[in-house]
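Working notes, beginning with the structure itself.
Residue numbers start at 1 and run along the sequence shown.
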Amino acid sequence: MSATPDFRSDDLIYDWNEIGRKGRLIPRDVTFFDETLRDGLQNPSVADPNIEQKLKLIHLMSKIGIHVADIGLPGSSKRAFDDVLRMCREITDNRLPLGVACAGRTVASDITPMIEISQRAGIPVEVYCFIGSSPIRQLAEDWDLDTIVKRSAEAIDVAVKAGLPVAYVTEDTTRSRPDMLATLFKMAIDHGASRLCLCDTVGHATPDGVRNLISFTKAIIAGHGSDGKVRIDWHGHNDRGLALENALWALEFGADRVHGTALGIGERVGNAAMELILLNLKLLGLLEHQDLTHMLEYCNTAAEAVGWQIPINYPLVGRDAFRTATGVHAAAIIKAQGKGDAWLADRIYSGVPAGMFGRKQEICVGYMSGASNVNFWLRQRRIEPSKELVEAILKKAKGSSHILSDEEILAVVDEVNGR
């Protein structure tokens with residue numbers, strides 16, 4: 001049978017997601033901002049990768065279509081400075097299609113190292129200067145509005161004078177008062193900031209909050225006469241489990257850039273997961289020409305670099321993401337493969353096509369398996385599935401409380417075939 005079906009995918013998959021859809025992510029000049037090597041490393045349970053691991057990661061970021069990477073706080077230590085400079089040189093030496101950004105407080109001593117790195121590496125470094133803006137943060141820090149405005153303006157001026165692009169980051173934006181934000185945003189634009197970064201620093205926002213805040217910010221920019229000149233970033237954390245959803249809605253509501261980290265690592269319970277942002281946009285048909293087959297390597301490299309254990313049920317990259325040992329499921333996949341149709345086999349029991357992201361469907365043998373599982377497993381390894389052998393493996397599986405390992409199945413094969 002031909003590997004190309006004679007029908008459209010719409011004939012086989014009815015998409016309820018599209019019925020009365022609330023809105024639509026409109027393809028436009030949006031960019032992806034990777035925080036793995038900055039905010040991701042603030043997770044209390046990760047290790048700081050060595051420079052070789054960081055270099056490998058920035059290569060993978062460029063391969064999966066990341067536009068800009070935040071590669072650290074060079075003002076925090078000599079090692080941080082040296083690593084940032086080395087990564088910038090790697091990007092220029094290899095002509096990687098990846099912009100760089102660095103984070104710093106709204107103090108000149110955090111900005112000047114970025115200027116030095118930019119000059120030495122011959123690459124523009126985007127300055128993300130941050131300061132808390134919420135009332136609760138003001139109370140804890142003993143800051144008043146005048147103090148925040150003065151510190152912010154001075155820091156932005158240092159970067160702008162050096163010719164570097166500036167994103168003004170209001171920490172805890174999602175719990176900040178409108179009047180406070182209006183004052184700070186107008187000040188930042190007046191002093192030359194080209195981006196306003198809205199931060200859900202403690203994972204407080206719901207999609208309604210995302211919509212309200214972005215609409216408010218767009219109105220401030222338009223009222224200032226800076227429409228089209230000043231862009232909006234969305235940076236979200238996952239404390240309510242809404243980081244991914246909020247990131248997607250942020251794009252829907254008009255953010256120009258969305259932030260994420262590999263595997264969602266970051267402060268406390270983490271940030272929006274970059275690979276899941278890209279996965280969902282790909283499945284929505286918005287990254288049609290973007291090759292995401294390196295995402296598995298991107299995630300595994302990040303996990304190894306920071307000493308992170310990927311949960312077995314994690315979407316896309318978890319060990320079980322495309323594995324099944326259930327008889328009915330496996331039988332359906334095998335029948336689809338038997339039709340010579342890879343497209344069908346990759347979707348019959350999966351809402352995420354494994355092949356689109358560099359993986360494949362896997363069929364295992366366990367206590368809920370049937371003969372189809374065993375036959376498939378044996379044929380994949382060029383072992384003749386005799387009736388006696390299949391029955392012996394199924395007996396072993398049904399008497400077990402777990403998925404059989406390759407070694408356990410091969411032991412049965414040796415026993416039966418050695419009789």
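Two residues are said to be in side-chain contact when any heavy atoms from C-beta on lie closer than 4.5 Å; L278 and M274 meet this criterion. Between H237 and N271, the closest side-chain pair of non-hydrogen atoms falls below 4.5 Å. Using a 4.5 Å heavy-atom threshold, the side chains of C88 and I71 count as touching. Within the 4.5 Å cutoff, side-chain heavy atoms of L184 are placed close to those of I148. At a threshold of 4.5 Å between non-hydrogen side-chain atoms, the residues F130 and D110 do not count as touching. Side chains of Y314 and L276 form a contact here, defined as non-hydrogen atoms less than 4.5 Å apart. In this structure, E116 and F81 have side chains that are in contact, with non-hydrogen atoms separated by less than 4.5 Å. By the 4.5 Å heavy-atom criterion applied to side chains, Y168 and H191 are not counted as neighbours.
Each of D70, D83, D48 was scored for a salt bridge (charged side-chain N to carboxylate O under 4.0 Å, His left out) with R38, with one residue passing: D70.
When all heavy atoms of R240 and H204 are compared, the pair lying nearest together is CZ-O, 3.3 Å. Contact record, D227 with A222: OD2-CB, 3.9 Å, taken as the closest heavy-atom pair. Contact record, S77 with A80: OG-N, 3.0 Å, taken as the closest heavy-atom pair. Closest approach of V258 to A247, counting heavy atoms only: CG2-CB, 3.5 Å. S194 and P165 make their closest contact through OG-CB, 4.3 Å (heavy atoms, listed as atom of the first residue, atom of the second, distance).
Side chain of N238 to backbone of G264: no donor-acceptor contact under 3.5 angstrom is found. For the pair T92 (side chain) and R89 (backbone), a donor-acceptor distance under 3.5 Å is present. In this structure a side-chain-to-backbone donor-acceptor pair under 3.5 Å is missing from T326 to V328. Looking only at distances, a side-chain donor or acceptor of Q290 sits under 3.5 Å from a matching main-chain atom of I64.
The number of heavy atoms from other shown groups lying within 6.0 Å of CE (M187) is above 12. Residue Q380 qualifies as enclosed at atom CD: its count of foreign heavy atoms under 6.0 Å is above 12. Surrounding CZ of R105 are at most 12 heavy atoms belonging to other residues, nucleotides or ligands under 6.0 Å away.
For Y349, the ring-ring contact (aromatic ring centres under 6.0 Å, His included) test picks out H329, with sequence neighbours left out.
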Any chance you could lay out the side-chain hydrogen bond (donor to acceptor under 3.5 Å, both in side chains) test for Q138 and D144, step after step, and finish with the verdict? CA-CA 7 Å; Q138 287 179 256; D144 58 22; over 6 Å; no
Quick one: do D39 and H259 satisfy side-chain hydrogen bond (donor to acceptor under 3.5 Å, both in side chains)? Show the steps, please. CA-CA 10 Å; D39 202 354; H259 297 203; over 6 Å; no
Stepwise, does the ring pair (Phe, Tyr, Trp, His ring centres under 6.0 Å) test hold for Y128 with F33? CA-CA 12 Å; Y128 273 69; F33 188 86; 4.6 Å; yes
Would V166 and C129 count as a side-chain contact (heavy atoms from CB on, under 4.5 Å) here? Give the steps. CA-CA 7 Å; V166 175; C129 54; 3.9 Å; yes
Is there a side-chain hydrogen bond (donor to acceptor under 3.5 Å, both in side chains) between D34 and T36 once you walk through the steps? CA-CA 6 Å; D34 197 301; T36 305; 2.5 Å; yes
Would you sort out whether D320 and R323 count as a salt bridge (charged side-chain N to carboxylate O under 4.0 Å, His left out), showing the intermediate values? CA-CA 5 Å; D320 286 351; R323 290 206 313 165; 2.8 Å; yes
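Side-chain contact of D291 with T293: a donor-acceptor pair under 3.5 Å is present, judged by distance alone.
Between D146 and K150 there is no salt bridge, since no side-chain N of the basic residue sits under 4.0 Å from a carboxylate O of the acidic one. Ionic pairing of E52 and K56 is not present here: no N-O contact between side-chain nitrogen and carboxylate oxygen is shorter than 4.0 angstrom. In this structure, E297 does not pair ionically with K63, as no charged nitrogen and carboxylate oxygen lie closer than 4.0 Å.
Here the CZ atom belonging to F376 is positioned 8.5 Å from the CZ atom belonging to R381, to the nearest 0.5 angstrom. In this structure, L242 CG and L248 CG are separated by 11.5 Å, a value rounded to the nearest 0.5 Å.
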